[in-house]
S.K.: 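This is the structure, below, for whatever I ask next.
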Amino acid sequence: MPLEYRTIQEVAGPLMLVRDVRNVTYNELGEIVLENGETRRCKVLEIDGSNALVQLFESSAGINLSNSKIRFLGRQMELGVSTDMLGRIFDGLGRPIDNGPEIIPEKRMDVNGLPINPVARSYPQEFIETGISAIDGLNTLVRGQKLPIFSASGLPHSQLAAQIARQAKVRGTNEPFAVVFAAMGITFEEANFFIQSFRETGAIDRSVLFINLANDPAIERLATPKMALTAAEFLAFEKDMHVLVILTDITNYADALREVSAARKEVPGRRGYPGYMYTDLASIYERAGRQKGKKGSITMIPILSMPEDDKTHPIPDLTGYITEGQIILSRELHRKSITPPIDVLPSLSRLKDKGIGKEKTREDHSDTLNQLFSAYARGKDCKELMVILGESALTDIDKLYAKFADEFEQQYVSQGFSADRSIEETLDLGWKLLRILPRSELKRIRDEFLDKYYDNE
């Protein structure tokens with residue numbers, strides 16, 4: 001039986017100081033028992049001699065220091081995992097919130113996980129089809145990759161996240177595919193949108209949802225991605241599934257980190273965020289990947305809304321260092337009603353060349369990708385020139401490039417949030433658009449592919 005202490009000294013926001021404790025360890029879970037018998041959960045943040053600083057998972061309201069007692073449970077936070085989690089919805093601490101029964105766990109896993117040894121990692125190289133042309137065709141997602149989506153307030157990243165979760169699949173295999181979806185600090189309306197979207201399309205059957213609402217405690221928000229990744233590690237590395245983890249919104253997670261850091265009176269870093277935010281984010285992102293000798297994999301798409309649309313803000317800045325590229329949503333494209341408003345030029349998937357080509361997508365993928373990027377970039381330059389100097393200043397070929405840029409945005413990038421395009425459809429659409437330009441302009445594509453695809457409509 002754990003020892004009970006009545007030595008709670010003070011409570012400050014989500015933090016509580018307990019004196020004269022023995023054999024208590026960092027990150028250990030505890031329970032506070034109030035005078036009326038109610039229990040609240042907490043965990044140890046810091047040990048200083050016989051003093052323990054603990055962090056509450058729930059509100060500190062109603063805790064009477066003299067009549068409340070605390071007991072430490074001798075274990076860290078764990079999640080009971082089972083394949084029965086598929087099709088279920090949990091809160092940020094892993095408790096079911098879909099009126100279904102409690103999960104009977106096959107095993108209990110520490111939510112902090114174990115980092116993958118770099119030597120044990122396999123290189124990501126298998127194509128994942130999302131059904132979205134701007135991603136599949138130009139910034140290809142590869143199994144085991146970490147590819148964040150940089151959004152901003154008011155942009156439709158929720159719809160994009162739901163679309164990827166519904167449509168994503170590993171082509172050419174019958175191996176089981178699952179989606180683990182974790183939402184942090186979202187509104188009730190957003191939570192409802194995700195749940196309805198998953199249910200209507202049947203995607204819920206292969207998904208595990210962890211939902212932390214904006215009015216839930218900040219500390220629960222910090223636990224949510226760890227819970228989700230623990231479930232993902234179980235499905236990937238114990239049950240040999242390909243798991244896609246979608247985390248939204250990392251900005252809310254980082255704000256909760258800042259809130260708790262401020263309550264601990266830590267020295268703030270850039271913009272008030274704690275100096276260890278890089279390490280903290282890395283401890284989440286680096287749980288994605290593939291392991292040698294294991295069939296399963298974890299592919300991760302973290303979504304973050306950039307405060308003030310600022311790419312240099314600490315959250316997108318640090319995320320860009322840790323992950324393998326980024327998909328950037330554009331406010332300008334959103335104003336033009338292009339959905340999804342993916343700005344392909346600053347977007348980047350650093351592993352795209354590993355997942356495309358013969359026997360993965362199609363042999364012409366690499367060449368057409370380079371040509372589409374090049375033509376779109378020149379087309380945008382021509383459009384800017386047209387605004388400054390007028391259309392009469394453009395050559396005939398410049399006008400074709402400007403037309404290409406418009407058609408590319410309207411047909412290739414814009415496809416709506418329900419269209420699921422196969423990679424063949426995406427590549428064929430790319431060729432259709434490239435036919436706007438004369439063959440002599442397509443200098444980045446080999447003649448054999450021009451003969452096969454450009455000339456044969």
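Keep in mind that the numbers below use all heavy atoms, side chains included, and drop hydrogens, waters and symmetry copies.
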S.K.: Side chains of Arg166 and Phe198: closer than 4.5 Å at any heavy-atom pair?
M.R.: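 Arg166 does not reach Phe198 side chain to side chain.
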
S.K.: Drop me the distance from Ile315's CD1 to Arg270's CZ, to the nearest 0.5 angstrom.
M.R.: 10.0 Å

S.K.: If you compare all heavy atoms of Leu79 against all heavy atoms of Ala231, which two are closest, and at what distance to 0.1 Å?
M.R.: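 Closest heavy-atom pair between Leu79 and Ala231: CD2-N, 4.0 Å.
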
S.K.: Which distance, rounded to the nearest 0.5 Å, do you find between the CG of Leu141 and the CD of Glu324?
M.R.: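 Answer rounded to 0.5 Å: 10.0 Å.
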
S.K.: Looking only at side-chain N and O atoms, does Tyr453 offer a donor or acceptor that is under 3.5 Å from a partner on Asp428?
M.R.: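 On atom types as modelled, these side chains do not qualify, holding no pair under 3.5 Å.
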
S.K.: Taking only Lys NZ, Arg NE, NH1 and NH2, and the carboxylate oxygens of Asp or Glu, determine whether Asp420 and Lys169 approach each other closer than 4.0 Å.
M.R.: yes

S.K.: Could you check whether any side-chain heavy atom of Leu394 comes within less than 4.5 Å of a side-chain heavy atom of Leu385, counting everything from C-beta outward?
M.R.: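 Yes; the side chains approach each other to less than 4.5 Å.
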
S.K.: Could you tell me whether the side chain of Ile195 reaches within less than 4.5 Å of the side chain of Leu209, counting heavy atoms only?
M.R.: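 Answer yes - side chains close enough.
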
S.K.: So does Glu308 have more than 12 non-hydrogen atoms from other groups sitting under 6.0 Å from CD?
M.R.: no

S.K.: Would you say Tyr26 and Gln76 make side-chain contact, with heavy atoms under 4.5 Å?
M.R.: no

S.K.: Quiz question: by atom type and distance under 3.5 Å, do the side chains of Glu129 and Ser422 form a donor-acceptor pair?
M.R.: no

S.K.: Taking all heavy atoms of Leu86 and all of Ala178, pick out the closest pair and write down the distance.
M.R.: CD2-CB, 3.9 Å

S.K.: Looking just at side-chain N and O atoms, do Arg421 and Thr426 make a donor-acceptor pair shorter than 3.5 Å?
M.R.: no

S.K.: Is the shortest side-chain N to carboxylate O distance from Arg221 to Asp255 below 4.0 Å?
M.R.: no

S.K.: Mind checking the CD1-CZ spacing from Ile103 to Phe90? Nearest 0.5 Å is all I need.
M.R.: 4.0 Å

S.K.: Looking at Tyr273, I'd like to know if the NZ or CZ of Arg258 sits under 6.0 Å from its six-membered ring centre while staying within 45 degrees of the ring's axis.
M.R.: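 Arg258 over Tyr273 ring: yes.
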
S.K.: Would you sort out whether Lys336 and Glu409 count as a salt bridge (Lys or Arg N to Asp or Glu O under 4.0 Å), showing the intermediate values?
M.R.: CA-CA 9 Å; Lys336 293 184 189 173; Glu409 287 175 359; 3.0 Å; yes

S.K.: If you look at every heavy atom in Pro274 and Ser261, which pair is closest and at what distance?
M.R.: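 In this case the closest contact between Pro274 and Ser261 is CB-OG, 3.6 Å.
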
S.K.: Do side-chain atoms of Asn252 reach the backbone of Met184 as a donor and acceptor pair under 3.5 angstrom?
M.R.: yes

S.K.: Atom CZ of residue position Arg362 - does it have more than 12 heavy atoms of other residues, nucleotides or ligands inside 6.0 Å?
M.R.: yes

S.K.: Are any of the side-chain heavy atoms of Lys352 and His365 separated by less than 4.5 Å?
M.R.: no

S.K.: Just how far is it from atom NZ of Lys452 to atom CH2 of Trp431, taken to the nearest 0.5 Å?
M.R.: 10.5 Å

S.K.: Can you tell whether the side chains of Glu363 and Lys358 come within less than 4.0 Å, N to carboxylate O?
M.R.: no

S.K.: Under a 3.5 Å cutoff, is there a donor and acceptor pairing between the side chains of Thr299 and Arg143?
M.R.: no

S.K.: Less than 4.5 Å apart, side chain to side chain, heavy atoms only: is that true for Lys239 and Glu106?
M.R.: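 A side-chain contact under 4.5 Å exists here.
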
S.K.: Quick one: CG on Leu429 to OG1 on Thr368, what's the gap to the nearest 0.5 Å?
M.R.: 11.0 Å

S.K.: Assess whether salt bridge (Lys or Arg N to Asp or Glu O under 4.0 Å) is satisfied between Lys107 and Glu238, documenting all intermediate values.
M.R.: CA-CA 11 Å; Lys107 65 186 292 192; Glu238 310 247 341; 3.0 Å; yes

S.K.: Quick one: sort the Tyr376 and Phe408 rings into parallel, tilted or perpendicular, breaks at 30° and 60°.
M.R.: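 It falls in the tilted class, 30° to 60°.
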
S.K.: Identify the heavy atoms of Arg40 and Ser59 that sit nearest to each other, and give their distance.
M.R.: NH1-O, 2.5 Å

S.K.: Regarding Asp249 and Ser305, is there a side-chain donor-to-acceptor distance under 3.5 Å anywhere?
M.R.: yes

S.K.: Any luck finding a side-chain donor-acceptor pair between Thr130 and Asp136 under 3.5 Å?
M.R.: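 Yes, Asp136 and Thr130 have a side-chain donor paired with an acceptor closer than 3.5 Å.
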
S.K.: Would you say the side-chain atoms of Glu190 and Ser158 include a donor-acceptor pair closer than 3.5 Å?
M.R.: yes

S.K.: After noting the C-alpha distance and the side-chain angles of Glu259 and Arg264, does the key distance pass the salt bridge (Lys or Arg N to Asp or Glu O under 4.0 Å) rule?
M.R.: CA-CA 9 Å; Glu259 187 181 323; Arg264 291 174 69 178; over 6 Å; no

S.K.: Do other residues, nucleotides or ligands put more than 12 heavy atoms under 6.0 Å from Lys399 NZ?
M.R.: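 Result for NZ/Lys399: enclosed.
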
S.K.: Are Phe210 and Phe181, when compared by the centres of their aromatic rings, separated by less than 6.0 Å?
M.R.: no

S.K.: Does the side chain of Gln411 reach to within under 4.5 Å of the side chain of Lys432, using non-hydrogen atoms?
M.R.: yes

S.K.: How close do Asn139 and Ile327 get, heavy atom to heavy atom, and via which atoms?
M.R.: CB-CD1, 3.7 Å

S.K.: Counting only heavy atoms not in Lys383, do more than 12 sit closer than 6.0 Å to its NZ atom?
M.R.: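 Check passes, neighbour count above 12.
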
S.K.: Say you draw a straight line from CG of Leu329 to NE2 of His334; how long is it, rounded to the nearest 0.5 Å?
M.R.: 9.5 Å

S.K.: Just wondering, do Met300 and Leu147 contact through their side chains at under 4.5 Å, heavy atoms?
M.R.: no

S.K.: Does a donor on one side chain and an acceptor on the other come within less than 3.5 Å for Arg287 and Thr230?
M.R.: yes

S.K.: I'd like to know if the side chain of Tyr454 reaches the main chain of Arg439, judged simply by a donor and an acceptor atom lying under 3.5 Å from each other, with no hydrogens or angles considered.
M.R.: yes

S.K.: A quick test of your reading: do over 12 heavy atoms of other residues, nucleotides or ligands sit less than 6.0 Å from CG of Leu389?
M.R.: yes

S.K.: Does a donor on one side chain sit under 3.5 Å from an acceptor on the other, for Glu441 and Tyr401?
M.R.: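 Yes - a donor-acceptor pair under 3.5 Å links their side chains.
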
S.K.: What are the two closest heavy atoms between Pro124 and Val142, and how far apart are they?
M.R.: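 Closest heavy-atom pair between Pro124 and Val142: C-CG1, 3.4 Å.
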
